[in-house]
Protein chains: 2
Amino acid sequence: MGVAEGEPAGRDQADGRKLELRVWLRMLATTKLISQEIRRRLRTEFGATLPQFDLLAQLDREPDGLRLGEISKRTMVTNGNITGLVGRLEADGLISTETPGDDRRVTVARLTEAGRTAFAEMARVHESWLRELMADVDPKTCATLVGSIDQLQRSARNHLSEEE
Amino acid sequence: MGVAEGEPAGRDQADGRKLELRVWLRMLATTKLISQEIRRRLRTEFGATLPQFDLLAQLDREPDGLRLGEISKRTMVTNGNITGLVGRLEADGLISTETPGDDRRVTVARLTEAGRTAFAEMARVHESWLRELMADVDPKTCATLVGSIDQLQRSARNHLSEEE
DNA sequence: TATTGTTATACTCTATAACTATA
DNA sequence: TATAGTTATAGAGTATAACAATA
């Protein structure tokens with residue numbers, strides 16, 4: 001979890017047994033490092049949190065809005081906590097909610113015009129932060145990473161506790 | 001942030017401009033997916049949290065213990081919050097603290113015997129979880145990932161806000 | 001009965017700043 | 001004055017479970 005691994009770099013290939021652990025520890029540390037920086041900047045520049053940004057990003061690509069349960073799945077935030085997140089964003093005027101159809105249990109959230117405008121700017125700046133933070137990464141490495149991480153994500157999904 | 005990217009997979013290489021963003025979003029989502037699972041298991045099996053596990057792991061590789069400030073750096077947890085973490089772990093009997101030298105400002109934490117035993121078991125099981133979750137990942141991909149993520153971490157470190 | 005979402009709760013993490021004691 | 005760590009505080013995240021309304 002921590003940054004320092006405290007082990008020589010040369011034996012990465014040799015010691016295959018703990019390779020998964022090494023990948024995970026590095027990934028966790030790196031993600032923590034970057035996400036702390038991104039969270040800090042989101043807060044100071046936009047007064048937003050990462051889960052809020054994530055939620056807005058999901059709605060931004062769905063002009064018709066999303067049901068709260070679907071938002072919960074996509075953001076990996078539990079239903080009960082979506083209620084609070086949506087409440088805060090609605091209070092800020094960035095999203096609105098409605099019950100669109102006949103099923104009165106359903107709530108759909110979507111971006112307001114103000115929310116769409118605000119998110120566009122946030123996304124633009126956010127992307128530039130990532131380019132900046134990853135400036136020293138070889139583009140080929142970058143391209144490889146996308147696929148490798150996808151593979152990792154699929155594997156993890158397949159082996160979560162007892163489902164599907 | 002979210003899991004679904006909602007874009008066709010084929011253009012990863014073509015659209016180089018947003019490659020950094022794509023890497024980051026996938027990495028964040030994957031890390032969240034896995035760490036939620038790991039946190040859940042740590043809690044149910046050992047009553048521990050991820051930051052606690054991280055702290056214990058740092059102490060496990062330092063038989064002489066670590067100063068709190070050093071723990072703070074390695075775990076990327078602020079000084080003020082280390083106090084609380086250390087307090088909880090000490091209350092559980094897993095670590096002990098002392099002022100070893102003449103400088104009475106310094107506090108060093110180290111694993112107790114019980115803590116070392118408990119962590120050994122936690123680490124063993126934790127490693128098996130990772131092997132399980134990453135079972136479908138090609139070993140070569142795994143080996144590549146270690147280096148790629150290291151490169152990414154170094155880049156991010158170099159471009160954090162105004163330091164070093 | 002199952003589903004959608006809300007409420008309630010408890011705990012932890014996260015971040016900041018002011019503070020104490022020591023050097 | 002600078003450093004090591006503590007205390008205080010505020011706000012969010014995280015997880016669980018019980019619950020209401022609807023289907």
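Below, each value reflects all heavy atoms present in this structure, side chains not excepted, and no hydrogens, waters or symmetry copies. Letters A, B, ... mirror the listed sequences (proteins, then strands); counts begin at 1.
- Nearest-nucleotide positions on DNA chain D for Thr49(A) and Arg67(B) put Arg67(B) closer to the 5' end.
- Between dG13(D) and Gln36(B), no contact under 4.0 Å exists linking OP1 or OP2 to a side-chain N or O.
- Distances were taken from every side-chain heavy atom of Arg40(A) (C-beta onward) to each of dT22(C), dT16(C), dG13(D); the shortest belongs to dT16(C).
- Nearest to the side-chain atoms of Asp103(B) among the listed nucleotides dA23(C), dG5(C), dA12(D) stands dA23(C).
- With rounding to whole Å, Phe46(A) atom CZ is found 17 Å from dA12(D) atom P.
- Picking from dC13(C), dA23(C), dT22(D) the nucleotide with the shortest atom distance to the side chain of Arg105(B) gives dA23(C).
- Put simply, CG on Leu85(A) is 13 Å from P on dA15(D), counting in whole angstrom units.
- Nucleotide dT22(D) holds its C1' atom 12 Å from the CG atom of Asp102(A), rounded to whole Å.
- When rounded to the nearest whole Å, the span between CD1 of Ile82(B) and P of dC13(C) equals 10 Å.
- Comparing Gly69(B) and Thr44(B) along DNA chain D, the residue whose closest nucleotide (by nearest heavy atom) sits nearer the 5' end is Gly69(B).
- Taking for each of Asn79(A) and Ser35(A) the nucleotide of DNA chain C with the nearest heavy atom, the 5'-most of the two is the partner of Asn79(A).
- Phosphate contact (OP1/OP2 of dA15(D), side-chain N/O of Arg39(B), threshold under 4.0 Å): present.
- If you check the side chains of Asn158(A) and Ser155(A), you find no donor sitting under 3.5 Å from an acceptor.
- Gln52(A) has its CD atom 13 Å from the P atom of dG11(D), to the nearest Å.
- Considering every non-hydrogen atom in both Gln151(A) and Asp136(B), the closest pair reads OE1-O, 3.8 Å.
- Taking 4.0 Å as the cut-off between side-chain N and carboxylate O, Glu62(A) and Arg74(A) count as a salt-bridged pair.
- Side-chain atoms of Asn81(B) come within donor-acceptor range of the base of dA15(C), with a qualifying N/O pair under 3.5 Å.
- At whole-Å resolution of the value, CZ in Arg104(B) and P in dA23(C) are 7 Å apart.
- A donor-acceptor contact closer than 3.5 angstrom links the side chains of Glu90(B) and Thr97(B).
- The closest side-chain heavy-atom distance from Thr31(B) to Leu28(A) is below 4.5 Å.
- Rounded to whole Å, the distance from CZ on Arg88(B) to P on dA10(C) is 17 Å.
- Distance Ile71(A) CD1 to dT6(C) P: 10 Å, rounded to the nearest Å.
- In this structure, Thr78(B) reaches the bases: a heavy-atom distance under 4.0 Å links it to at least one base atom across the strands shown.
- Projected onto DNA chain C by closest heavy-atom contact, Arg43(A) and Gly84(A) fall at different nucleotides, the more 5' of which corresponds to Gly84(A).
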